[in-house]
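Model, not experiment: these values are computed from the prediction. The chains referred to below are lettered A, B, ... by the order of the sequence lines, with proteins before strands, and numbering in each begins at 1.
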Amino acid sequence: MRNSLIIIKKQLKDTLKNKTVLIQFILFPVMTLIMENAIKIDGMPELFFTKLFSIMYVGMAPLTSVASIISEEKEKNTLRVLTMANVKPWQYLMGIGFYVWFICMIGAGVMATGLKKEEVPFYLLIMAVGFSISILAGACIGIFSRNQMTATSIVMPVMMVFAFSPMLAMFNESIEKVARFIYTQQLKRIMDDVTFAGIKADGICILVVNATLMIILFFIAFRKKGLE
Amino acid sequence: MIRCNDVYKSFSGKTVLAGIGFEISDGEIFGLLGPSGAGKTTLIKILTGQLAFDKGSVVVLDKEVSSLSGEDKKSIGIMMDQFGVYERLSCIDNLKVFADIYGVPHGRIKSTLEQVGLGDAGAKSASTLSKGMRVRLSLARVFMHSPKLIFLDEPTSGLDPQTMRQIHKIILEKKKEGCTIFLTTHNMEEAYKLCDRVALLNEGAIVENGSPEEICRKYNHQKTIKLHLSSGEDILIPHENGSAETISRLLSDGCIETIHSSEPTLETVFLELTGRKLEEDE
């Protein structure tokens, strides 16, 4: 646990100087604040940008940042140095995972400023679940990739599917039929109501299946590749 | 400190290490010499428990390497061929990460940086450091927790002669402090200067080992003395009784500028044993 905290502390210092990761964390919260305040169109659903960008944030930021951090540490050999200093792989992954989750939750907190007070805890809960699944997906990619370039080439299509399918599903029924099996689309459906009433049994099932699948993939990746 | 006995390692059916065996005593600098691809890094990974081996036994710090505990590993410092520094963090922040992991007080960071000649560069981001400074930062990370056993994988590879000398000085200081050092290199001058004993590794097998002087003497087949005369001419005199008279005569005539022994270097011994040069792949 102590080593995980050291990793979190290190990562906090590093992120302030890592523009690529920093942009991932602040892009959608900042865009949400700007769009919600700058664009008002008659007939536009309430908090349209908050809900849309929140789901894109879930599908993009944790996925890309976790994959990027792990693959960069592999490429630069710092991960090996950490493991040689007796930092266990699970301590490292826990540190990185919790750190990304925590930063994303701060971002979600910023995005929640337009919501009613009573909606905020539910919104944050939904976001927390989404971030956790995305972090597992990002960790799988990071573990599988030897370097940042490989990670980016895998992350891009995966991110497009997770982050953009809920938006595209709004315009195309066929896409919606496929997208409903993706956790981000189910989170979008729940987000539309921002209450427990918005949760449907099939939605929960799909979320659980997605989460289980990510956990299985993560363990397969970890068992097969470790952190080498 | 290290006992390696009949170690074998293969990757996808290709034998990388074949029957490696040697012992390293406390406080010794042991050099593993070999060209690129000889198996040096693989052996370091095995000795540090990063890689499992197929056959043989490896004892480090009086324990089987596979049974080294977290505490045991704190007595080991490892610098691999890549620097492994956090580019965006300052030198001090880089060391703080490892000071926290090893439980070393932050107060020691400054003195460690001074020890490796980076006293003024503490606040500098690692990405702005020269290659030599990065090596020194890596060495600072290795030395910070005062390990008893240090592994250095080609610590001076690609460095300019001045920086190389500085690194050598640091390594020799660590030896004086009682550290046991295992270093790999393909630089025979470095090995000759630093190491108490060396092993010559070729295609996964140790072809010779001993002190550098012993090895060079053992392969001194020519037994000649080279004289550089004031006329600019070089002559080779056989190493035998009658030669003393010739040298004495040339000396008294003031014809001799310099006298050199002509025993082989580690490089020529390696060439003789393997038909390869140590740095042929570089």
**Message:** Pair A:V87, B:I101 - check side-chain contact (heavy atoms from CB on, under 4.5 Å), show working.
**Reply:** CA-CA 8 Å; A:V87 174; B:I101 291 170; 3.6 Å; yes
**Derivation and outcome, side-chain contact (heavy atoms from CB on, under 4.5 Å), residues A:K76 and B:F83** = CA-CA 8 Å; A:K76 301 274 167 68; B:F83 305 116; over 6 Å; no
**Prompt:** Where do B:E87 and A:K17 land on the side-chain contact (heavy atoms from CB on, under 4.5 Å) test, with the steps shown first?
**Reply:** CA-CA 10 Å; B:E87 303 263 333; A:K17 293 169 187 171; over 6 Å; no
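Surrounding CE of A:M160 are at most 12 heavy atoms belonging to other residues, nucleotides or ligands under 6.0 Å away. Within 6.0 Å of NZ on B:K74 lie more than 12 heavy atoms contributed by other residues, nucleotides or ligands. Summarising the local packing, CE of A:M156 is surrounded by 12 or fewer heavy atoms from other residues, nucleotides or ligands at distances under 6.0 Å. Atom CG of B:D120 has 12 or fewer neighbouring heavy atoms from other residues, nucleotides or ligands inside a 6.0 Å radius. Summarising the local packing, CZ of B:R108 is surrounded by more than 12 heavy atoms from other residues, nucleotides or ligands at distances under 6.0 Å. Atom CZ of B:F11 has more than 12 neighbouring heavy atoms from other residues, nucleotides or ligands inside a 6.0 Å radius.
Across every non-hydrogen atom of A:K10 and B:L89, the tightest pair is CG-CD1, 4.1 Å. Minimum heavy-atom separation, A:N18 to B:R88: ND2-NH2, 3.1 Å.
When heavy atoms are compared at a cutoff of 4.5 Å, B:K96 approaches chain A solely by way of its side chain, counted from C-beta outward. At a 4.5 Å heavy-atom cutoff, the contact between A:K9 and chain B is made by side-chain atoms alone. If you measure heavy-atom distances from B:F98 to chain A, the contacts under 4.5 Å come from the side chain alone. Contact of A:E75 with chain B is made through the backbone alone, with heavy-atom distances under 4.5 Å. For A:N86, the part sitting under 4.5 Å from any heavy atom of chain B is the side chain, from C-beta outward, and nothing else. Looking at A:N3, the atoms closer than 4.5 Å to chain B (heavy atoms on both sides) all sit in the side chain, from C-beta outward.
Contact annotation: the side chain of A:K13 never approaches that of B:Y86 to less than 4.5 Å [non-hydrogen atoms, C-beta and beyond].
For the set A:L82, A:L5, A:L16, A:V81, the entry with the most heavy-atom pairs within less than 4.5 Å of chain B is A:V81.
Here the CD1-CG distance, from A:I6 to B:D100, works out to 5.0 Å after rounding to the nearest 0.5 Å.
Between A:M84 and the choices B:I78, B:I76, B:V142, the side chain to side chain contact (heavy atoms under 4.5 Å, CB included) rule is met once, by B:I78.
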